[in-house]
Amino acid sequence: MMMKLGGSKKMMNNEDHVCNDLGNTNNGNKELYHVIHKVPSGDGPYVRAKHAQLVDKDPEAAIVWFWKAINAGDKIESALKDMAVVMKQLDRTEEAIEAIKSFRRLCSKNSQDSLDNVLIDLYKKAGKVEEQILLLKQKLRLIYQGEAFNGRPTKTARSHGKKFQVSVQQEISRLLGNLGWAYMQQSNYIAAEVVYRKAQMIEPDGNKACNLSHCLIKQGRFNEARFVLEQVFQRQYQGCEDPKSRARAEELWMELESVQPSAPAPTTNILSYGLEEDFVDGLQRLMEGLGSDVVGQRRTKSSRRLPIFEQIASFRDHEMAC
């Protein structure tokens, strides 16, 4: 991949500025300086990239330094992810996607999951819905196969420089929510409904409930949609008190009030709507094992699967029988 190096004089001036800022800070204030500006310590290209990004507020210069860090092997994983975020802010999303895909091979196996998350966000920004769906399904399959969590009930994640624990349930609910949203962008409301119902079985919240209601409205199933919204208004889910969720629920309720009753949408084979049989079966197995005592135990390769999903298969069989 070719790196854009326009404005060399500006880059040299910026390099001198970064070096001076980092070099002139006395030892007594260095720690405070890094805490205030949230810049890592040191004077390598990655540190200078973060300085350009966070202190100088110069994203173009930051991208140049991130490239230098990647080429020099200086915190490649962090440089690649941070550079993609900056590129996204500059509407250089396609370039960020290519950078992740081209250079992720240089990153450790443990970093691939977080790189996938960055890539999913970039696909969403770029409107690459099909690519987003394929990657979300792949991540769900890895959980089913026991690869994503290595048979453990939680894993360590990082956001905005902070580490925290994510459970299997939280990760699956998040991925399903993103998958449902992607199907909605394709106007595939049947597949989106199935996915949102599964997400609500694991970790229900007001936002996904509103999206589920939207899917039902689009299928002409107004009574079911009204029932879901009533649960939001009754605050039966986490996040229902959030102003955005309540505003969305009120908007959907007004839409329901304005529509005329119509015949329900014709029953359709769920497999023709993007939910392949092996994927559906995997989701069912995942649901069957959720919450069991063996979820957190290390397993052999043949028995490491973390089953999670439950009624999708029965839903599918019902659709096929009709």
Side-chain angles (χ1 to χ4, degrees), residues 1-126 135 154-166:
M1 174 173 292
M2 296 300 294
M3 168 175 82
K4 298 181 180 179
L5 293 173
S8 58
K9 184 175 181 180
K10 179 182 177 183
M11 292 301 105
M12 293 176 64
N13 291 337
N14 179 267
E15 181 172 347
D16 292 339
H17 174 64
V18 172
C19 290
N20 289 335
D21 274 4
L22 293 175
N24 291 337
T25 306
N26 61 52
N27 292 332
N29 293 328
K30 272 186 177 180
E31 185 175 349
L32 181 61
Y33 176 88
H34 293 303
V35 170
I36 292 174
H37 295 289
K38 298 181 179 179
V39 176
S41 59
D43 61 356
Y46 177 72
V47 170
R48 297 181 184 186
K50 296 301 290 182
H51 189 284
Q53 177 192 3
L54 301 175
V55 180
D56 295 338
K57 308 295 183 184
D58 188 343
E60 294 288 353
I63 289 173
V64 172
W65 279 111
F66 281 132
W67 273 125
K68 290 183 178 182
I70 293 168
N71 292 330
D74 182 15
K75 298 185 182 297
I76 297 177
E77 300 164 10
S78 297
L80 189 56
K81 288 185 285 188
D82 290 346
M83 183 177 70
V85 171
V86 174
M87 285 180 169
K88 177 187 171 186
Q89 293 169 348
L90 296 177
D91 291 325
R92 292 166 60 177
T93 309
E94 294 285 351
E95 190 177 348
I97 290 172
E98 288 305 314
I100 294 287
K101 292 169 69 175
S102 299
F103 291 93
R104 65 183 306 167
R105 59 185 172 79
L106 302 177
C107 303
S108 68
K109 181 179 179 181
N110 291 336
S111 69
Q112 298 303 315
D113 182 62
S114 60
L115 287 170
D116 281 341
N117 291 334
V118 174
L119 202 52
I120 287 170
D121 192 47
L122 292 170
Y123 283 149
K124 186 175 181 179
K125 170 78 171 179
L135 187 49
T154 63
K155 68 176 181 179
T156 302
R158 182 186 295 270
S159 178
H160 303 293
K162 296 182 179 180
K163 292 183 178 181
F164 57 95
Q165 292 296 308
V166 176

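Worth saying up front: this structure is predicted, and the values here are computed from it rather than measured.
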List in chain and number order the residues that pass side chain to side chain donor-acceptor pair (under 3.5 Å) with Gln112, two or more places apart in sequence or in another chain; answer none if no residue qualifies.
Arg104

Under the side chain to side chain contact (heavy atoms under 4.5 Å, CB included) test, which residues partner Ala126, sequence neighbours left out?
Thr93, Glu94, Ile97, Lys128

How would you list, by chain and number, every residue that makes a side chain to side chain contact (heavy atoms under 4.5 Å, CB included) with Leu106, sequence neighbours excluded?
Ile76, Phe103

Shortest non-hydrogen separation from Leu80 to Leu115 and the atoms involved
CD2-CD2, 4.2 Å

Restricting to salt bridge (Lys or Arg N to Asp or Glu O under 4.0 Å), what partner residues turn up for Asp91, sequence neighbours left out?
Lys125

Just wondering, do Gln53 and Phe66 contact through their side chains at under 4.5 Å, heavy atoms?
yes

Under the criterion side chain to side chain contact (heavy atoms under 4.5 Å, CB included), I'd like the reasoning laid out for Glu60 against Leu90: C-alpha separation, chi angles, the key distance, then a yes or no.
CA-CA 9 Å; Glu60 294 288 353; Leu90 296 177; 3.7 Å; yes

Taking every heavy atom of Ala99 against every heavy atom of Trp67, the minimum-distance pair comes out as CB-CH2, 4.2 Å

Hits for side chain to side chain contact (heavy atoms under 4.5 Å, CB included) against Asp121, two or more places apart or cross-chain, chain-then-number order -> Lys88

Using side-chain heavy atoms (C-beta onward) and a distance below 4.5 Å, is Ser114 in contact with Lys81?
yes

Those residues that, when tested against Lys101, pass side chain to side chain donor-acceptor pair (under 3.5 Å) (two or more places apart)
none

Nearest heavy-atom neighbours spanning Tyr46 and Ser78
OH-CB, 3.5 Å

Considering residues at least two apart in sequence or located in another chain, which fulfil the side chain to side chain donor-acceptor pair (under 3.5 Å) criterion with Lys124?
none

So, using side chain to side chain contact (heavy atoms under 4.5 Å, CB included) as the criterion, who are the partners of Ala96 when residues are at least two apart?
Ala84, Met87, Leu122

Residues that Asp82 engages under salt bridge (Lys or Arg N to Asp or Glu O under 4.0 Å), provided they are two or more places apart:
Lys50

Under the rule for side chain to side chain donor-acceptor pair (under 3.5 Å), what residues qualify as partners of Thr154, not counting sequence neighbours?
Gln165

Find the distance between CD1 (Ile63) and CG (Asp58) and round it off to the nearest 0.5 Å.
9.5 Å

